Amino acid sequence: MSKVAALQLHTLAMSDSRIDHYLNLAAKGGASVVVLGEYVINSFFNEIIKMPKSMIKQQSEQKRTSLSMMASKYNLTIIAPLLQVKGKECRKVVAKFSPQSTKYEEQNILIDYSHWNEAKFYSKKDSFGVMSFSVDKIKFGVVFGFEAHFDRIWAEIVAKKVDCVLLPSACTLNSNERWNELLKMRALTNNIYIVRVNRLGKTKFGEVESEFYGQTMLINPHGEIETSLDSNEGILMCDIDKKLILQARSIWKFRQKAEALLG
């Protein structure tokens with residue numbers, strides 16, 4: 001059994017008091033892993049594209065230093081999407097802060113709609129890869145929200161023998177029901193847990209104001225939503241049960257067949 005704390009937050013202020021408060025709660029609640037949503041370390045994309053690169057870098061670096069220290073302070077593995085600025089390039093990555101080290105993996109597939117074009121703004125990743133790691137005998141994988149739509153990502157999850165996908169997201173535009181159905185299907189057909197962590201806040205696409213609605217949730221390997229938050233700031237404690245994973249795989253056998261197809 002492993003416990004994951006999913007933090008449903010707005011973009012963090014420069015002060016560390018709020019994130020320290022939630023990490024303290026997570027540690028006291030017995031969590032080993034903590035996950036933040038997309039654009040929580042940094043401002044949302046619509047603001048990022050108007051910022052000087054130096055300001056983006058300052059946001060990221062200040063929180064990178066703080067989260068590295070807090071991972072050691074609370075003995076946690078912290079998963080947090082953030083932006084890396086090197087010269088003229090800006091890259092969208094997920095960071096894994098642990099008491100021992102900090103590692104990064106770039107997002108593989110970037111959204112490219114006219115009203116929200118990350119692919120145009122961020123530098124392109126050189127190679128394909130999904131972050132994975134083990135804690136408490138559970139194999140975790142990290143998938144960005146937009147990537148959840150693509151089969152190639154889930155083939156990599158199967159190849160890496162992942163038990164639980166941590167899915168930071170920035171979902172808005174009244175998309176909650178679609179996300180529920182998509183992720184329930186992915187959890188069932190892969191017989192894995194999915195911890196979907198959504199951010200809070202508001203933005204504008206043109207003249208249309210849109211809200212990031214939260215609804216952070218835990219979906220089990222049978223494709224059922226076990227527990228979720230509403231649209232308020234908070235923390236969702238998620239139990240990841242290896243026995244339930246093995247039970248679902250024994251009943252449905254989807255995971256075994258997927259592994260066989262990959263050879």
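Counting begins at 1 with the first residue of the sequence. As the structure is a prediction and not an experimental result, all values here were calculated from the model.
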* To do: Determine, using the 4.5 Å side-chain heavy-atom cutoff (strictly less than), whether Y122 and I109 are members of one ILVMFWY cluster.
  => yes
* Start with the C-alpha distance between K242 and K137, add both sets of side-chain angles, then the distance that settles side-chain contact (heavy atoms from CB on, under 4.5 Å), and finish with yes or no. => CA-CA 8 Å; K242 187 74 173 188; K137 298 182 179 180; over 6 Å; no
* **Nearest atoms (heavy-atom pairs only) where Y213 meets S175** => OH-OG, 2.8 Å
* To do: Using side-chain contact (heavy atoms from CB on, under 4.5 Å) as the criterion, point out the one residue from L36, L9, T11 that pairs with I41.
  => L36
* **Test salt bridge (charged side-chain N to carboxylate O under 4.0 Å, His left out) applied to R152 and E156, step by step** => CA-CA 6 Å; R152 172 73 190 279; E156 187 73 5; 5.2 Å; no
* Minimum heavy-atom distance between S68 and T102, given as atom pair plus value -> OG-OG1, 3.9 Å
* **Shared hydrophobic cluster, V40 / L76 (ILVMFWY, side-chain heavy atoms < 4.5 Å)** => yes
* **Within 6.0 Å of CE in M51, more than 12 heavy atoms from elsewhere** => yes
* **same_hphob_cluster(I153, F254) at 4.5 Å side-chain heavy-atom cutoff** => no
* To do: Ignoring hydrogens and angles, tell me if any N or O in the side chain of N108 forms a donor-acceptor pair with the backbone of G129 under 3.5 Å.
  => yes
* Mind checking the CE-CD spacing from M14 to Q59? Nearest 0.5 Å is all I need. => 7.0 Å
* Asked: Does R199 reach the main-chain N or O of Q8 with its side chain, forming a donor-acceptor pair under 3.5 Å?
  -> no
* To do: Return yes if some donor-acceptor pair links the side-chain N/O of R196 with the main-chain N/O of G145 below 3.5 Å, else return no.
  => no
* To do: Can you measure from CD1 (I79) to CG (L7) and round to the nearest 0.5 angstrom?
  => 12.0 Å
* Which heavy-atom pair separates A187 from G223 by the least distance, and what is that distance? -> CB-CA, 4.3 Å
* Within one Ile-Leu-Val-Met-Phe-Trp-Tyr cluster: I138 and M237, side-chain cutoff 4.5 Å -> no
* Asked: Shortest non-hydrogen contact from A6 to V197?
  -> CB-CG2, 3.7 Å
* To do: Show your reasoning for whether side-chain contact (heavy atoms from CB on, under 4.5 Å) applies to W116 and T203.
  => CA-CA 11 Å; W116 184 347; T203 192; over 6 Å; no
* Asked: Just checking, is any N or O donor in the side chain of D20 or Y74 under 3.5 Å from an acceptor N or O on the other one?
  -> yes
* Does Q107 reach the main-chain N or O of V94 with its side chain, forming a donor-acceptor pair under 3.5 Å? -> no
* Side-chain donor or acceptor of S250 paired with backbone N/O of L246 under 3.5 Å -> no
* To do: Would you check if the side chain of D112 reaches a backbone N or O of A119 as a donor-acceptor pair within less than 3.5 Å?
  => no
* The single option from I235, L12, V34 passing side-chain contact (heavy atoms from CB on, under 4.5 Å) against Y22 -> I235
* To do: Determine the minimum heavy-atom distance between E38 and P81, stating which atoms define it.
  => CA-CG, 4.0 Å
* Asked: Which value, rounded to the nearest 0.5 Å, describes the distance between K28 atom NZ and L23 atom CG?
  -> 12.5 Å
* What do the steps show when you test K63 against D16 for side-chain contact (heavy atoms from CB on, under 4.5 Å), and what is the final call? -> CA-CA 8 Å; K63 284 294 181 284; D16 290 332; 3.4 Å; yes
* **Between N198 and T216: side-chain donor-acceptor atoms closer than 3.5 Å** => no
* Describe, in one word, how the ring planes of F146 and H149 are oriented to each other, choosing from parallel (under 30°), tilted (30 to 60°) and perpendicular (over 60°). => tilted
* Structure fact -> Of all heavy-atom pairs linking S228 and M217, the shortest is CB-CB, 3.7 Å
* To do: Would you give the length of the straight line joining atom CD1 of I251 to atom CD of Q247, rounded to the nearest 0.5 angstrom?
  => 4.5 Å
* Structure fact -> From the list D163, I219, L218, V162, side-chain contact (heavy atoms from CB on, under 4.5 Å) with Y193 holds only for L218
* Asked: Just wondering, are more than 12 heavy atoms of other shown residues or ligands nearer than 6.0 Å to NZ in K160?
  -> yes
* Asked: How long is the span from the NZ atom in K92 to the CD atom in E106, to the nearest 0.5 Å?
  -> 12.0 Å
* Among the clusters formed by ILVMFWY side chains lying less than 4.5 Å apart, do M185 and I194 turn up in the same one? -> yes
* Asked: Should we say atom CG of D230 is surrounded by more than 12 heavy atoms from elsewhere, each under 6.0 Å from it?
  -> yes
* **Any donor-acceptor N/O pair, R255 side chain to N191 backbone, under 3.5 Å** => no
* To do: Go through the steps for H21 and R18 under the test side-chain contact (heavy atoms from CB on, under 4.5 Å), then give the verdict.
  => CA-CA 5 Å; H21 167 70; R18 196 149 124 258; 5.7 Å; no
* Between OG on residue S132 and CD on residue E105, distance to nearest 0.5 Å -> 8.5 Å
* Asked: Does R249 offer a backbone N or O that forms a donor-acceptor pair with the side chain of Q256 under 3.5 Å?
  -> yes
* To do: Could you check whether the rings of H115 and F205 sit parallel, tilted or perpendicular, using 30° and 60° as the cut-offs?
  => perpendicular
* F212 ring center near F44 ring center (under 6.0 Å) -> yes
* Asked: Got a donor-acceptor contact below 3.5 angstrom from the S60 side chain to the L83 backbone?
  -> yes
